[in-house]
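Written out below as structure tokens is the structure these notes cover.
The shown structure was predicted, so the numbers you read here are calculated from the model rather than taken from an experiment. In what follows, chains are A, B, ... by sequence order, proteins preceding strands, each numbered from 1. Only this structure's heavy atoms are used, side chains among them; waters, hydrogens and symmetry mates stay out.
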Protein chains: 2
Amino acid sequence: MRLSTKARYGVRAMVRLALSQKDGPVQLSLIAEKEGVSEKYLEHLFRHLKANGLVLSQRGARGGYVLARPAEKITLYEIVKALEGSLAPVDCLKQADLCERSLFCATREIWKGLKKKIESYLKSKTLSELAQEQEEKINAPIYHI
Amino acid sequence: MRLSTKARYGVRAMVRLALSQKDGPVQLSLIAEKEGVSEKYLEHLFRHLKANGLVLSQRGARGGYVLARPAEKITLYEIVKALEGSLAPVDCLKQADLCERSLFCATREIWKGLKKKIESYLKSKTLSELAQEQEEKINAPIYHI
DNA sequence: TAGTTTTCCTCTAGATTTAGTAGGAATTAA
DNA sequence: TTAATTCCTACTAAATCTAGAGGAAAACTA
């Protein structure tokens with residue numbers, strides 16, 4: 001049940017974008033530096049984010065990315081799904097004929113329920129909530145003596 | 001967020017075990033045949049199930065496996081965890097020092113919440129529930145004309 | 001006791017997925 | 001025109017998944 005780095009890095013990049021886009025498009029080079037992720041890898045991730053209508057891009061000098069919608073209107077579900085492809089724990093949920101047992105399989109119902117739980121949780125979290133929490137964490141660090 | 005075949009086959013095998021063990025230990029060869037999974041692969045899975053105290057084994061002729069506890073006392077969480085190792089969506093939940101950002105990472109809190117949702121769902125499902133549902137599905141099949 | 005059945009154990013290996021990197025084309029601002 | 005930036009297509013090393021082979025150990029049966 002692990003998320004790939006696509007989802008992990010991608011969500012962090014989106015938070016960074018939400019926090020940084022006040023001054024116009026944000027370059028991948030900035031996100032790469034701040035998040036400690038390779039710029040080349042971010043290119044892949046943002047392709048998916050763009051294809052799924054989550055960000056808009058501006059090419060050329062002083063270009064970059066901005067959120068396609070206000071952060072309050074973007075859920076974590078959308079981000080993770082755009083990057084991970086699907087949140088189904090098992091493939092037979094998308095494609096029942098992968099397994100001839102599908103119709104009589106009790107475990108399949110369990111996985112279906114699990115998928116719903118995961119999705120409803122991620123749908124309940126918006127990017128703006130996450131960005132705000134991130135800001136608070138940065139502004140209220142723990143000081144060591 | 002996909003489960004491996006370990007968890008998928010393992011849960012099905014446990015359901016099969018719950019349904020078949022009335023007449024004594026169940027051999028892997030039987031489960032393999034019924035579930036369409038290689039016996040050799042089941043050996044691997046049952047090693048983990050046994051190591052985690054979910055099944056007991058009897059070696060030798062007419063040996064096999066039985067549940068270590070009544071099916072009502074075994075949750076899906078235990079089975080999946082035994083086979084999958086961990087249900088953490090990201091590794092930094094188990095080992096915070098994997099990432100220097102852990103202490104100030106808002107996304108980490110999200111993944112922690114997601115892990116809790118997954119676990120509480122799987123803890124709420126017992127093997128006996130699952131076995132009963134499976135039995136009903138078998139006894140009430142859909143007939144095609 | 002001998003033979004058979006079954007779990008137990010270690011080692012090996014192909015297939016698939018992950019996590020990137022390389023190199024350059026296209027676009028835009030200055 | 002130049003520099004900056006996204007966009008696109010390949011390629012690849014490493015990890016993980018999904019087993020399979022071969023035999024040792026244990027226990028039942030005759």
Side-chain angles (χ1 to χ4, degrees), chain A residues 1-13 17 20-21 23-33 35-52 54-66 68 80 83-86 88-91 98-99, chain B residues 1-10 12-13 17 20-21 23-33 35-52 54-68 80 83-86 88-91 98-99:
Chain A
M1 295 298 282
R2 272 178 65 236
L3 287 165
S4 70
T5 58
K6 284 201 208 97
R8 287 189 284 131
Y9 293 171
V11 170
R12 272 165 52 193
L17 194 51
S20 306
Q21 70 171 5
D23 315 317
V26 182
Q27 292 90 42
L28 290 188
S29 55
L30 178 79
I31 297 176
E33 184 202 350
E35 295 294 336
V37 176
S38 106
E39 187 179 338
K40 274 294 186 188
Y41 196 43
L42 284 176
E43 284 184 9
H44 290 301
L45 307 188
F46 274 79
R47 183 129 76 112
H48 290 117
L49 294 172
K50 189 184 173 187
N52 283 272
L54 297 176
V55 299
L56 301 175
S57 65
Q58 164 84 31
R59 297 174 80 165
R62 302 188 63 100
Y65 291 91
V66 291
V80 175
L83 295 162
E84 207 78 0
S86 161
V90 297
D91 290 340
L98 278 180
C99 177
Chain B
M1 295 300 282
R2 272 178 65 237
L3 288 165
S4 70
T5 59
K6 284 200 209 96
R8 287 189 284 131
Y9 293 170
R12 274 165 52 193
L17 194 52
S20 306
Q21 69 171 6
D23 315 316
V26 181
Q27 291 91 40
L28 290 188
S29 56
L30 178 79
I31 297 176
E33 185 203 348
E35 295 295 336
V37 175
S38 106
E39 187 180 338
K40 273 295 185 187
Y41 196 43
L42 284 177
E43 284 184 8
H44 291 298
L45 307 188
F46 274 79
R47 183 129 74 113
H48 289 115
L49 293 171
K50 188 184 175 189
N52 283 271
L54 297 176
V55 300
L56 301 175
S57 66
Q58 165 83 30
R59 296 173 80 163
R62 303 187 62 100
Y65 292 91
V66 291
L67 298 179
V80 175
L83 295 162
E84 208 78 358
S86 161
V90 296
D91 291 341
L98 278 180
C99 177

Take atom [atom1] of [X] and atom [atom2] of [N], then tell me their distance rounded to the nearest Å.
{"X": "A:Leu45", "N": "C:dT18", "atom1": "CG", "atom2": "P", "value": "13 Å"}
{"X": "A:Met1", "N": "C:dT18", "atom1": "CE", "atom2": "P", "value": "14 Å"}
{"X": "A:Leu30", "N": "D:dA4", "atom1": "CG", "atom2": "C1'", "value": "14 Å"}
{"X": "B:Lys6", "N": "C:dT16", "atom1": "NZ", "atom2": "C1'", "value": "14 Å"}
{"X": "B:Arg47", "N": "C:dT6", "atom1": "CZ", "atom2": "C1'", "value": "16 Å"}
{"X": "B:Leu49", "N": "C:dT7", "atom1": "CG", "atom2": "P", "value": "13 Å"}
{"X": "B:Glu43", "N": "D:dA24", "atom1": "CD", "atom2": "P", "value": "15 Å"}
{"X": "B:Tyr41", "N": "C:dG14", "atom1": "OH", "atom2": "P", "value": "18 Å"}

Listed nucleotide nearest any side-chain atom of [X], set [options]:
{"X": "B:Ser4", "options": "D:dT18, D:dC7, C:dC9", "answer": "D:dT18"}
{"X": "B:Lys40", "options": "C:dG20, D:dT6, D:dG20", "answer": "D:dG20"}
{"X": "A:Gln27", "options": "C:dT7, D:dT9, D:dT6", "answer": "D:dT6"}
{"X": "B:Arg8", "options": "D:dC7, C:dT10, D:dT18", "answer": "D:dT18"}
{"X": "B:Thr5", "options": "C:dG20, D:dC7, D:dA19", "answer": "D:dA19"}

Partner set under side-chain hydrogen bond (donor to acceptor under 3.5 Å, both in side chains) for A:Lys50, not counting sequence neighbours |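 A:Lys50 satisfies side-chain hydrogen bond (donor to acceptor under 3.5 Å, both in side chains) with A:Ser57 only.
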Polar side-chain contact A:His44-C:dT21 base: donor and acceptor under 3.5 Å |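 Such a pair exists between side chain and base.
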Is the shortest side-chain N/O distance from [X] to OP1 or OP2 of [N] below 4.0 Å?
{"X": "B:Ser38", "N": "D:dG20", "value": "yes"}
{"X": "B:Tyr9", "N": "D:dC17", "value": "no"}
{"X": "B:Ser29", "N": "C:dT6", "value": "no"}

Tell me which of A:Lys50 and A:Arg2 sits closer to the 5' end of DNA chain D, going by the nucleotide each one is nearest to.
->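 Residue closer to the 5' terminus by nearest nucleotide: A:Lys50.
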Flag for A:Tyr41-A:Thr5: side-chain donor and acceptor within less than 3.5 Å =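 Distance-only check passes for A:Thr5 and A:Tyr41.
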Side-chain touch A:Met1/B:Pro89, heavy atoms, less than 4.5 angstrom =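 The answer is no, as the side chains (C-beta and beyond) never meet within the 4.5 Å cut-off.
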Are any non-hydrogen side-chain atoms of B:Val26 and B:Ile31 less than 4.5 angstrom apart?
->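 They are in contact (side-chain heavy atoms under 4.5 Å apart), so the answer is yes.
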Could you tell me the separation between the CD atom of B:Glu39 and the NE2 atom of B:His44, rounded to the nearest 0.5 Å?
->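 Output value for this atom pair is 11.5 Å.
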How many angstroms lie between CG in B:Leu42 and CD in B:Glu35, if you round to the nearest 0.5 Å?
->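 It comes to 8.5 Å.
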Without swapping roles, check the side chain of B:Gln21 against the backbone of B:Tyr65 for a donor-acceptor pair under 3.5 Å.
->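 Answer holds: no.
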Where the side chain of A:Arg2 meets the backbone of B:Ala88, is there a donor-acceptor pair that is under 3.5 Å apart?
->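 It does not hold such a pair.
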Report which part of the nucleic acid B:Phe46 touches: base, sugar-phosphate, or nothing (heavy-atom distance under 4.0 Å, all strands).
->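 No contact.
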I'd like a table of atom pairs between the protein and nucleotides 28-30 of chain D - only N or O on both sides, under 3.5 Å - with the distance next to each one.
from: D:dC28; atom 1: OP1; to: B:Gln58; atom 2: NE2; distance (Å): 2.8

